[in-house]
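Step one of this worksheet: look at the structure below.
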Amino acid sequence: MNLNRFHIISLHSYRVGQVLLILTLFLPIAVVGNTFNFPIGAGFRSMKSLIFLFEGHPDSGLLYILSLTCAYIAADHCIEGNYLRQEHLPILPLLSLLSAIIFGLLMPQGAFKIYGALFDSLCWINLVVWIVGVLCILFSCQIQRHVSAEQESEMRALIVKGQPTISKLFRRFAQFVMGSVITHYQCLYFKFGVFSLLVWAPIALMAILFLIIAIVVGNISLNALLIFIALFIFLLPYPLYLFFLYRWGRRWTERTRIQSIYYLVPLLPIVLLVLFSSLGQSKWFRPKPHWADTETFEWLDNGYSKDIHHAYHDSTVIEGADPATFRVLDYHYAADAYHVFFKLRMIPEADPSSFKVLPLMNKGEEDEARTIYLARDAHDYYVRDIPLHVADYRSFRRIKNKWAVDNQKVYYFGRESEKFDVICSPVFDSRNFHVLSYCFASDGHYVYHEGTIIEGADPATFKVVGNDNNISQDKNHVYYATEKRPLRNVYALKHKSEFLYESFHTNDTIVYNPKLQPMPEGTDYATIHDIGTDWYADKDRVYYENRIVPEADPQTFESCHAYSILKDTVIRIKHGHRVYGIYAHDAKHIYRRDTILEVADTATFVCGRSFVDTLRFAFDKYRFYEGHPTPAIEKLRKRLIAP
């Protein structure tokens with residue numbers, strides 16, 4: 001009996017499924033290619049991404065790999081006709097389909113790190129393609145299972161005849177590399193090795209870039225550079241010796257008749273890659289302090305170390321620490337018999353005998369300024385190295401994000417400013433205290449913004465406008481942070497952007513800036529735009545906040561570039577940075593906020609901040625306008641301004 005057209009179409013659906021599954025291989029490339037942080041650390045991060053596939057989420061990477069493996073094996077079984085007249089369920093494609101659905105459910109919760117709308121869109125498209133591909137394979141499996149005995153021989157002939165040309169060429173290539181005929185599973189395993197080259201390519205490119213930058217900039221230790229060079233030499237020729245290992249494994253399989261040798265030998269590069277990468281990040285390859293005593297020096301946990309003379313954090317001496325009794329408490333805290341330390345800073349009030357580090361409030365947060373390190377001893381609580389002097393020790397409890405409360409006060413940890421600090425205010429009803437957003441909270445009687453009471457706010461009708469920004473409103477007023485604005489309803493305004501905290505607004509009569517301050521009469525809503533933190537311009541004028549900047553030229557006006565002086569380097573900050581945004585210039589003048597610095601020299605003006613001296617500065621070749629000379633600042637001044 002001849003096969004009907006339905007059988008033929010369904011049989012060849014595995015072709016479509018296999019092609020679609022091949023397309024899904026761009027996902028790990030997109031993920032790996034988007035986890036680099038140029039210029040420093042790109043190489044090691046890329047290797048970490050290769051090992052875990054999804055940076056910080058190895059379980060998601062493992063799920064993705066296992067699912068694709070199941071689907072590929074299922075597709076190859078379809079090509080070989082292994083599902084013909086089999087009564088058992090096609091477990092492999094079913095497992096792959098189930099894992100694809102689970103993977104899709106995890107994606108909105110941030111199962112992996114991908115930044116930007118483009119990568120997010122690619123991932124969702126990838127997931128749909130993946131599921132459709134597996135469905136095609138599952139469809140073909142089911143049809144093959146229900147082929148009758150009379151149709152089997154005709155179906156097998158059709159399978160052999162209809163095998164994709166690329167699959168036949170791939171098998172010939174695999175046999176050429178092996179030097180002999182190989183089995184179906186050996187060919188499938190060889191195919192996975194070839195697919196690994198799709199991940200190797202971006203890793204190798206990033207490794208080359210990192211090596212060039214590391215050598216030119218020279219900002220990594222010699223040991224780390226040497227281990228990376230060894231890893232680089234190992235990584236670059238990976239395609240060549242991978243095929244050699246396949247052939248060598250095949251020969252040893254034939255000699256010993258142990259089939260597992262063929263499958264184990266090509267795993268050696270991956271094992272070595274993990275070994276090298278782990279070794280390169282271990283304490284054995286960290287640079288020791290130059291002045292450390294070699295005989296007594298020892299590495300402790302989390303970047304701490306000590307010798308007979310000193311205790312160290314990241315190779316810097318911890319002043320006042322007793323090395324004989326020094327111990328590590330966690331990643332940022334350490335103690336000796338007399339004091340407690342947060343990194344390099346001593347906490348004089350802390351009791352080392354009762355000091356205990358509490359779990360992170362927002363574990364996994366990358367931004368150091370947002371991460372909360374909370375600890376306590378027998379009499380107080382501490383955020384980083386700051387004692388809270390809590391009003392009621394027994395009732396103190398943490399709330400999500402940056403909030404905590406006791407029976408008398410509410411605490412907010414770390415206002416987003418240049419310096420980490422703690423804001424506290426009286427609380428009316430601590431039992432009803434609840435967080436409204438990242439910045440706002442309420443106890444039913446007061447509303448708080450970053451720990452400060454918003455005077456006059458109505459808790460019953462108060463709501464945050466947008467997503468965790470500074471804009472809010474109640475039945476009476478609109479607020480920006482804790483300040484009232486001359487508005488009743490933000491939603492009644494027109495907005496230039498969907499993100500209200502960075503948008504300009506208008507009611508067709510008055511224009512409002514992103515802080516909801518009314519702009520001067522005559523501001524052109526159609527052309528006004530942001531040119532730096534609190535600096536705006538339209539076609540005719542320049543503004544600082546909601547004040548006109550006199551004589552400023554909107555065509556040439558921009559925030560000044562700035563310099564950040566660190567201990568070991570100086571970083572040039574692009575114009576418009578929030579910390580350095582109070583200085584700007586056009587073709588003729590330097591401006592500090594909305595005031596012209598009449599005597600400033602536009603050609604040599606420099607501003608910024610020295611973290612070495614905890615000091616902001618602004619100067620030209622003639623004088624200082626902010627701050628004062630220090631060795632670090634003078635070194636920068638001599639470098640930028642020739643005598």
Side-chain angles (χ1 to χ4, degrees), residues 301-304 311 313-314 316 318-321 327-336 338-427 430 433-443 446-453 468 470 481-482 578-579 611 614:
D301 295 330
N302 301 322
Y304 287 95
H313 180 264
D314 290 340
T316 302
I318 302 176
E319 298 293 342
R327 68 189 191 277
V328 178
L329 301 178
D330 84 332
Y331 191 76
H332 291 295
Y333 286 99
D336 59 20
Y338 313 101
H339 300 103
V340 177
F341 304 89
F342 179 79
K343 299 182 180 178
L344 299 173
R345 300 189 292 273
M346 183 187 295
I347 311 176
E349 299 92 336
D351 173 25
S353 62
S354 62
F355 195 86
K356 181 180 179 181
V357 181
L358 302 179
L360 291 180
M361 291 183 175
N362 47 346
K363 189 176 181 180
E365 187 69 67
E366 285 191 342
D367 185 357
E368 179 75 7
R370 291 171 178 257
T371 304
I372 305 302
Y373 303 104
L374 187 68
R376 65 176 171 85
D377 59 15
H379 62 273
D380 202 0
Y381 282 83
Y382 304 85
V383 174
R384 302 189 179 190
D385 59 331
I386 304 172
L388 296 182
H389 302 301
V390 295
D392 187 347
Y393 181 87
R394 292 184 177 275
S395 64
F396 182 89
R397 71 184 191 277
R398 297 181 301 171
I399 312 293
K400 66 179 182 178
N401 297 335
K402 293 191 168 189
W403 299 88
V405 68
D406 60 28
N407 286 340
Q408 299 181 40
K409 289 185 178 182
V410 57
Y411 305 84
Y412 182 82
F413 308 125
R415 186 185 298 275
E416 295 299 316
S417 62
E418 296 180 41
K419 181 181 177 181
F420 187 94
D421 54 8
V422 177
I423 312 299
C424 61
S425 297
V427 65
S430 62
F433 185 85
H434 58 284
V435 175
L436 301 174
S437 74
Y438 188 79
C439 298
F440 294 96
S442 174
D443 63 2
Y446 295 120
V447 178
Y448 305 85
H449 175 267
E450 295 185 348
T452 302
I453 295 174
D468 260 4
N470 287 314
T482 59
R578 65 183 179 89
V579 175
F611 288 88
T614 317

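All of these numbers come straight from a predicted model, not from anything done at the bench. Reckoned from all heavy atoms, side chains included, excluding hydrogens, waters and symmetry mates.
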Nearest 0.5 Å, please: how far is CZ in Phe413 from CZ in Arg398?
8.5 Å
My understanding is that only residues two or more places apart in sequence, or in another chain, count here; which of them pass side-chain hydrogen bond (donor to acceptor under 3.5 Å, both in side chains) with Tyr448?
Asp443
For Asp351, give me all partners under side-chain contact (heavy atoms from CB on, under 4.5 Å), at least two apart in sequence or on another chain.
Ser353, Ser354, Asp377, His379
Counterpart residues, side-chain hydrogen bond (donor to acceptor under 3.5 Å, both in side chains), relative to Ser425 (two or more places apart):
none
Residues in ring-ring contact (aromatic ring centres under 6.0 Å, His included) contact with Tyr393, at least two apart in sequence or another chain:
Tyr381
His339: partners by side-chain contact (heavy atoms from CB on, under 4.5 Å), with sequence neighbours left out
Asp336, Phe341, Met346
Which residues share a side-chain contact (heavy atoms from CB on, under 4.5 Å) with Glu319, sequence neighbours left out:
Val317
Is any side-chain heavy atom of Tyr412 less than 4.5 Å from a side-chain heavy atom of Thr452?
no
Can you list the residues that meet the side-chain contact (heavy atoms from CB on, under 4.5 Å) rule with Asp392, with sequence neighbours excluded?
Arg394, Ser395, Asp406, Asn407, Gln408
Rounded to the nearest 0.5 Å, the CD atom of Glu349 sits from the CG atom of Leu388 at a distance of 11.0 Å
Arg345 meets the salt bridge (Lys or Arg N to Asp or Glu O under 4.0 Å) criterion, sequence neighbours left out, with Asp385
Closest approach of Phe433 and Ala441, non-hydrogen atoms and distance?
CZ-CB, 3.5 Å
Taking side-chain hydrogen bond (donor to acceptor under 3.5 Å, both in side chains) as the definition, give me every residue that meets it alongside Asp380, ordered by chain and number, with sequence neighbours left out.
none
Working to the nearest 0.5 angstrom, can you tell me the gap between Tyr411 OH and Ile399 CD1?
12.0 Å
By ring-ring contact (aromatic ring centres under 6.0 Å, His included), Phe440 pairs with (sequence neighbours left out) His449, Phe462
Measuring from Leu374:CG to Lys356:NZ, what's the distance to the nearest 0.5 Å?
11.5 Å
Arg376 versus Leu358, closest heavy-atom pair with distance
NE-CD2, 4.1 Å
Working to the nearest 0.5 angstrom, can you tell me the gap between His313 NE2 and Tyr304 OH?
4.0 Å
Using the ring of each side chain (for Trp, its six-membered ring), is Phe355 parallel, tilted or perpendicular to Tyr382, with breaks at 30° and 60°?
tilted
Report the distance from atom CG of Asn302 to atom OH of Tyr333, rounding to the nearest 0.5 Å.
13.5 Å
